[in-house]
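See structure below.
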Amino acid sequence: MILKQKSAWKEASRVFGLSRLIILLISYRSVLLFPINNSYLRPYIVIENCSKDIQCFLQSWWRWDAVHYVEIAYNGYHYDKSNTAFFPLFPLLMHGLGTLLGGSVAADYTAGLILANICFYGVLVLFYQLLYEDFDHHIARNALFYLAFAPYGIFFFTAYAEPLFLLLILAAFFFLRSGKPLDWWLAGLFGCLAALTRPTGIALAVPFLVLILQRFGIRTLLTSENWRQKLNAILSMAPIPTGLLIYMLYLWRSFGNPWIFSTEQTLAWNRYTTFPWIGTFYAIKALFVSNFLLQWNLTDLFFTLMPLVVLIIGWKRLPLHYSLFSLLMMLSVLCYPVLNQNPDYTYTPLMATPRYMLVAFPVFIVFALWSKRPGLAQILTITSLIGFAVNIILFVTQNWVA
């Protein structure tokens with residue numbers, strides 16, 4: 001146990017340090033080569049002529065959703081009700097740490113960066129420990145690399161909720177693995193916090209059910225044998241939807257509409273609840289329309305379908321609760337595409353979907369299993385690093401990534 005924990009901290013530190021160093025170096029060079037247009041960031045950023053200076057480098061990760069999280073952390077949800085689409089736990093933590101750092105907009109932004117990177121380091125430690133027990137050291141080490149240097153790994157660095165969400169998911173899996181009476185409730189607690197971070201956190205109910213059935217058996221689940229342990233495990237699932245209900249109660253008291261987070265997804269970002277294949281269908285149709293969004297639609301489509309294909313191919317090599325959780329998570333994401341009535345497809349139906357797919361962590365386990373073949377390992381490593389570098393450059397120069 002002690003050896004496993006030491007290995008986890010060591011491997012996590014190595015991968016974390018290397019990935020953060022590369023992000024900082026590429027970001028700095030990108031700011032030097034491509035001056036940043038900060039018009040999107042007003043009124044928060046006061047630089048009028050963003051050129052080659054250190055302040056532009058320090059603000060180069062203040063983009064897109066990070067701006068919304070800072071708005072919520074500093075002003076709350078009433079500043080812009082469309083921000084209710086962003087769940088509260090991450091901006092709440094940003095606000096708490098930001099208050100300790102001085103209680104300003106810049107402090108909240110800094111807090112977001114600190115929290116994201118602390119959470120991601122925790123992700124690497126937990127991910128290694130889980131894989132060390134379920135597979136071996138080499139699989140765990142390689143999976144850490146593919147996760148940290150994923151093409152969309154920039155979102156594990158900047159002030160986005162992805163690192164916190166994935167940390168809470170892995171924590172739930174970690175405690176589910178032992179199956180002790182208290183650990184069931186700890187897993188439920190982390191599931192509750194995950195649902196306060198993203199609505200898809202309720203997908204953690206699936207691994208709960210799978211492990212309950214596997215541990216107690218389908219035939220004996222309803223018998224009186226070990227009924228206290230069974231009841232404890234089943235009741236420990238209750239906190240998971242409670243996270244979502246807490247946020248809905250807050251929205252009902254504040255805005256009179258507990259579903260406003262879903263309503264604003266439609267009004268502000270044209271996201272609609274539909275069948276999971278609809279967004280992919282329209283993304284494919286968009287490829288046959290020549291416009292400036294063609295490359296984004298192509299990229300979104302590839303990095304949406306690729307995790308699904310990887311999961312299908314590697315399904316049998318994963319624990320069942322890993323596979324089912326990933327599948328449900330992916331389907332949940334695909335059920336919220338961006339849809340509008342533009343006949344020329346000047347929009348991206350799968351916008352941000354590749355980023356949301358990042359938390360389907362078993363995909364990186366499959367990559368690690370495949371990397372036992374040297375040739376395939378080289379291909380996966382090179383393509384990951386290229387995509388990682390390109391997306392960092394695009395992100396810090398204020399081009400849309402995901």
Side-chain angles (χ1 to χ4, degrees), residues 3-16 18-19 120-153 155-156 162-163 165-167 169-174 176-178 203-204 206-207 210-211 214 302-331 333 353-388:
L3 180 62
K4 179 189 68 175
Q5 291 177 350
K6 287 184 177 180
S7 297
W9 291 102
K10 178 182 177 181
E11 293 297 334
S13 298
R14 181 178 64 85
V15 174
F16 180 84
L18 181 60
S19 62
F120 186 61
Y121 183 72
V123 163
L124 294 175
V125 172
L126 283 180
F127 196 30
Y128 182 91
Q129 292 196 52
L130 280 172
L131 269 59
Y132 187 93
E133 294 180 357
D134 290 333
F135 298 93
D136 58 43
H137 165 72
H138 297 289
I139 298 301
R141 184 178 59 185
N142 290 335
L144 289 195
F145 176 87
Y146 291 125
L147 177 65
F149 292 98
Y152 293 91
F155 298 109
F156 290 135
E162 269 70 21
F165 189 44
L166 183 53
L167 176 63
I169 288 172
L170 289 174
F173 273 87
F174 181 80
L176 277 176
R177 196 181 189 284
S178 68
L204 282 169
V206 170
V210 172
L211 289 179
Q214 288 180 343
F302 175 79
F303 284 102
T304 296
L305 295 181
M306 184 267 291
L308 277 169
V309 173
V310 171
L311 181 64
I312 292 172
I313 295 175
W315 181 279
K316 292 184 179 180
R317 304 185 69 178
L318 296 170
L320 181 60
H321 60 297
Y322 282 18
S323 299
L324 289 178
F325 167 78
S326 297
L327 180 61
L328 182 59
M329 184 66 67
M330 292 177 182
L331 292 177
V333 170
T353 302
R355 168 163 58 92
Y356 297 147
M357 293 287 192
L358 277 174
V359 298
F361 66 91
V363 171
F364 300 101
I365 302 175
V366 177
F367 285 149
L369 291 168
W370 289 350
S371 66
K372 290 182 177 180
R373 299 180 181 181
L376 187 54
Q378 291 180 356
I379 294 173
L380 290 172
T381 300
I382 293 172
T383 54
S384 292
L385 290 174
I386 291 174
F388 185 66

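In this text, all values refer to a predicted model and were calculated from it rather than measured experimentally.
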Is there side-chain contact between W370 and N142, with at least one heavy-atom pair below 4.5 Å?
no

For the CE atom of M329 and the CG atom of L311, what is their distance to the nearest 0.5 Å?
12.0 Å

Under the ring-ring contact (aromatic ring centres under 6.0 Å, His included) criterion, do F149 and F388 qualify, and how do the steps go?
CA-CA 6 Å; F149 292 98; F388 185 66; 5.2 Å; yes

Side chains of I169 and F361: does their closest heavy-atom pair fall under 4.5 Å?
yes

Between I379 and T383, what is the shortest heavy-atom contact and its length?
O-OG1, 2.7 Å

Can you measure from NZ (K372) to CD1 (I139) and round to the nearest 0.5 angstrom?
4.5 Å

Check whether any side-chain heavy atom of H321 lies under 4.5 Å from a side-chain heavy atom of L176, and answer yes or no.
no

Minimal heavy-atom distance between L318 and F135, with the atoms involved, is CD2-CZ, 4.4 Å

Chi angles and distances behind the side-chain contact (heavy atoms from CB on, under 4.5 Å) call for M357, T304:
CA-CA 7 Å; M357 293 287 192; T304 296; 3.9 Å; yes

Candidate pair F173 and F325, rule ring-ring contact (aromatic ring centres under 6.0 Å, His included), full reasoning
CA-CA 10 Å; F173 273 87; F325 167 78; 5.2 Å; yes

What distance separates T353 OG1 from L358 CG, expressed to the nearest 0.5 Å?
11.5 Å

On a heavy-atom basis, the closest approach of P307 and V363 is O-CG2, 3.9 Å

Does the side chain of F127 come within less than 4.5 Å of E11's, by heavy atoms?
no

For Y356, what residues pass the ring-ring contact (aromatic ring centres under 6.0 Å, His included) criterion, not counting sequence neighbours?
none

Considering all heavy atoms, the nearest A368-A143 contact:
CB-N, 3.6 Å

Starting from the C-alpha separation in whole Å, work towards a yes-or-no answer on side-chain contact (heavy atoms from CB on, under 4.5 Å) for V123 and F156.
CA-CA 10 Å; V123 163; F156 290 135; 6.0 Å; no

Of all the heavy-atom pairs spanning L130 and F174, show the shortest one and how long it is.
CD2-CA, 3.8 Å

Within-4.5 Å side-chain heavy-atom neighbours: L324 and W315
yes

Is the gap between the ring centers of F16 and Y121 under 6.0 Å?
yes

Indicate yes or no: at least one non-hydrogen side-chain atom of S384 is less than 4.5 angstrom from one of F367.
no

For the atom pair CG (L308) and CD1 (I313), what is the distance rounded to the nearest 0.5 Å?
11.0 Å

Is there a side-chain contact between Y128 and W9 in this structure, where contact means two heavy atoms from C-beta onward sitting under 4.5 Å apart?
no

Just wondering, do L144 and L131 contact through their side chains at under 4.5 Å, heavy atoms?
no

Quick one, L327 with M330, criterion side-chain contact (heavy atoms from CB on, under 4.5 Å). Give me CA distance, side-chain angles, the key distance, then yes/no.
CA-CA 5 Å; L327 180 61; M330 292 177 182; 5.5 Å; no

Please report the interatomic distance OG1(T381) to OH(Y146), rounded to the nearest 0.5 Å.
4.0 Å

Atom pair CZ (F120) and CG (L147), whose distance is rounded to the nearest 0.5 Å
4.5 Å

